[in-house]
Amino acid sequence: MEKTKKKVLFWVLIPLISALLIAGIVIGSVMSCAPKSGGPNTPVEPGPDDPPVDDPPVVDPPPHEHQWMWTYTPTEHYQYCGADSEIRNKGPHEYANEEETVCKYCGYVRKLPTKQEDMEVEFDEDGNAKIGGATGTINDLVISGTVKDPDGNDVDVVEITEEAFKDNNDLHSLTILDGVKEIGRDAFSGCSMLESVWLPKTVEYIHPQAFQTCKNLKSIIIDENNPVYMSIYNCIIKIDDKCLIIGCKGSTIPTRTDGSQYLVTSIGEYAFCGSGIQKIEIPNNITEIGAHAFDDCTSLTEFTCLESVTQIHRYTFNGCTALTDVVLGDGITAIGQNAFFECTALESIVFPKNLETIGQYAFKGCTSLKEITFNDALTGIDKYAFIGCTALESITLPASILGIGSLAFAGCNKLTSIIYEGTQEQWAKVRTEAGWKPDGVEVTFAADSNENGQDNTGTDKGDTQNPGANAGSGDGGTDN
């Protein structure tokens with residue numbers, strides 16, 4: 001019986017021992033692959049007897065087959081590979097003959113120069129030619145750098161004269177080839193159907209009003225080799241003073257830098273005048289906005305100006321009849337004459353906290369403006385500043401105000417409330433000129449109300465005091 005028990009125990013222990021041996025082998029294998037110290041993500045430091053560990057080999061990016069694509073301007077072309085931006089075959093277009101329109105390398109389709117007989121050409125005493133306009137219908141205008149004089153000689157075209165193509169509604173595109181040096185005032189202004197413009201590397205002067213009121217212009221580009229001007233985001237920028245001189249419907253004001261310098265620091269006079277731009281945000285690299293910069297931008301609905309600009313000059317937003325939303329940065333200290341003249345959709349405006357003066361006619365005819373609250377820095381409101389704001393119901397004047405010009409709020413027929421935040425004694429020192437407010441509208445002195453616990457109102461008895469004094473910021477307002 002005891003022998004039988006030993007046999008049974010023997011046969012039970014054999015499988016158990018075998019299983020333990022197999023488990024030990026597996027665990028040993030795993031442990032031999034584990035780091036010598038630390039957790040599973042801890043790098044192993046080589047021991048004194050271990051061979052040196054080499055740095056991992058540098059692996060070159062896998063080779064690829066170049067996919068060459070052509071890109072071009074009206075004057076030249078090049079191929080580039082989208083995978084690594086490599087460029088090759090850069091050079092001018094070549095055509096089989098003078099009548100051929102397709103470049104034999106890149107396939108660019110050019111527009112042939114407009115025939116000389118279709119343009120008005122003038123010859124000056126120096127033997128140069130000037131283009132003065134069109135003699136017939138031209139949709140795609142291509143101005144060559146040379147024309148023939150009456151003797152059949154090639155003559156350089158140096159200028160497109162003042163008002164040459166003004167109000168020409170046939171033009172859809174404009175290409176000016178190398179040779180032309182100057183584009184005069186209003187040369188293409190009012191060309192309502194003009195959509196794209198290409199300017200050459202030879203142009204040395206573009207009048208700021210050369211393309212004003214071209215409401216459908218959405219692309220304006222200058223040859224990248226021009227030493228005077230550059231183009232980016234459909235803006236023409238004068239290189240030496242970083243001034244944006246011409247914008248259009250398709251413009252975005254650039255904010256990127258060239259090294260440590262901003263590509264543009266100011267917006268010039270008439271830069272967007274009459275363009276079809278719909279909204280604009282002024283980045284902090286802009287420190288100056290010129291007079292008339294957005295004059296007659298009838299599609300502009302939004303404007304945001306950040307902290308860097310200090311003044312809104314004369315006529316900046318004159319006639320922007322769709323403008324409803326205006327945000328002015330607190331850096332602005334002056335609003336010039338006619339700055340928001342006839343902005344008929346403007347319902348409200350938050351004045352900057354550092355604003356000191358408002359020029360004459362600044363908000364004249366803003367017929368949707370209902371309520372105005374000025375800041376505590378305001379010292380002067382010039383004559384006619386809010387004349388004809390027929391929806392204006394109430395205004396609040398700060399105790400800092402020193403003068404209000406004649407007829408400043410004349411014609412504000414719905415105006416029923418004028419609150420002065422100072423005392424009646426302070427108000428007596430404010431210079432107000434005759435007719436500054438509608439007859440019968442009384443001034444409420446908020447400071448007296450706060451002190452006495454009751455309202456104190458009184459008619460403005462200072463309308464004619466200091467009649468010769470300049471109550472606002474002068475006839476010229478703040479227009480520099």
Side-chain angles (χ1 to χ4, degrees), residues 296 298 301 312 314-326 328 335-351 355 357-375 378-399 401-422 424 427 430-446 449 455-467 469-473 475 477-478:
D296 195 33
T298 55
T301 60
I312 302 295
R314 66 188 187 279
Y315 294 91
T316 300
F317 298 97
N318 174 55
C320 293
T321 53
L323 188 62
T324 60
D325 190 7
V326 175
L328 299 178
I335 295 177
Q337 70 177 65
N338 294 74
F340 293 90
F341 186 96
E342 301 283 350
C343 290
T344 53
L346 187 62
E347 295 182 357
S348 64
I349 183 167
V350 177
F351 288 102
L355 181 67
T357 58
I358 298 175
Q360 57 183 317
Y361 296 106
F363 293 88
K364 187 264 181 187
C366 293
T367 53
S368 297
L369 198 59
K370 294 181 179 180
E371 184 177 348
I372 299 174
T373 300
F374 298 108
N375 57 0
L378 188 69
T379 60
I381 300 173
D382 212 339
K383 58 186 178 182
Y384 317 118
F386 294 89
I387 188 171
C389 293
T390 53
L392 191 60
E393 297 175 354
S394 67
I395 57 175
T396 301
L397 298 170
I401 197 78
L402 299 177
I404 304 175
S406 63
L407 305 176
F409 295 93
C412 299
N413 301 327
K414 291 187 178 180
L415 185 62
T416 58
S417 173
I418 300 176
I419 301 173
Y420 175 64
E421 293 183 325
Q424 194 163 1
W427 178 255
V430 176
R431 298 190 307 273
T432 56
E433 294 183 354
W436 74 274
K437 62 178 178 60
D439 291 339
V441 181
E442 297 182 342
V443 178
T444 300
F445 305 103
S449 299
D455 287 342
N456 288 306
T457 61
T459 57
D460 174 19
K461 297 178 181 180
D463 279 357
T464 58
Q465 62 180 313
N466 298 326
N470 178 9
S473 52
D475 287 350
T478 54

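None of these values were measured; they are calculated from a predicted model. Heads up: numbering here begins at 1 and tracks the sequence.
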Legend entry - Side-chain touch Leu328/Ile335, heavy atoms, less than 4.5 angstrom: yes
Inset, instruction - Could you tell me whether the side chain of Phe340 reaches within less than 4.5 Å of the side chain of Val326, counting heavy atoms only? - result: yes
Legend entry - Distance in Å, Thr390 OG1 paired with Leu369 CG, rounded so as to fall on 0.5 Å steps: 10.0 Å
Legend entry - Atom pair CG/CG of Leu378 and Leu355 - distance to nearest 0.5 Å: 5.5 Å
Inset, instruction - State, to 0.1 Å, how close Glu371 and Leu392 come at their nearest heavy-atom pair, and which atoms those are. - result: N-CD1, 3.7 Å
Legend entry - Stepwise side-chain contact (heavy atoms from CB on, under 4.5 Å) test for Asp382 and Ile358: CA-CA 6 Å; Asp382 212 339; Ile358 298 175; over 6 Å; no
Legend entry - Matching residue for Ile381 among Trp436, Phe374, Phe363 - test: side-chain contact (heavy atoms from CB on, under 4.5 Å): Phe374
Legend entry - Spatial distance of atom CD1 (Ile372) from atom SG (Cys389) [nearest 0.5 Å]: 6.0 Å
Legend entry - Reported CG-to-NZ distance for the pair Leu415 and Lys437, which is rounded to 0.5 angstrom: 9.0 Å
Inset, instruction - Could you pull out the closest heavy-atom pair between Gly435 and Ala410, with the gap in Å? - result: O-CB, 4.2 Å
Inset, instruction - Would you sort out whether Tyr420 and Val430 count as a side-chain contact (heavy atoms from CB on, under 4.5 Å), showing the intermediate values? - result: CA-CA 11 Å; Tyr420 175 64; Val430 176; 4.1 Å; yes
Inset, instruction - Output the distance between atom CG (Leu397) and atom CD1 (Ile419), rounded to the nearest 0.5 Å. - result: 9.5 Å
Legend entry - Flag, side chain of Glu433 to backbone of Ser406, donor-acceptor distance under 3.5 Å: yes
Inset, instruction - Would you confirm whether Asn375, through its side chain, and Phe351, through its main-chain N or O, come within 3.5 Å as a donor-acceptor pair? - result: no
Inset, instruction - Can you see which heavy atom on Gly359 is nearest to which on Ala385, and at what distance? - result: O-CB, 3.7 Å
Inset, instruction - May I have all residue pairs that pass side chain to side chain donor-acceptor pair (under 3.5 Å) and include part of residues 361-370, sequence neighbours excluded? - result: Glu342-Lys364
Name the atoms and distances for all side-chain donor-acceptor pairs under 3.5 Å in residues 315-323, with sequence neighbours left out.
{"unit_1": "Thr316", "atom_1": "OG1", "unit_2": "His313", "atom_2": "N", "d": "3.3"}
{"unit_1": "Thr316", "atom_1": "OG1", "unit_2": "His313", "atom_2": "O", "d": "2.6"}
{"unit_1": "Asn318", "atom_1": "ND2", "unit_2": "Asp295", "atom_2": "OD1", "d": "3.0"}

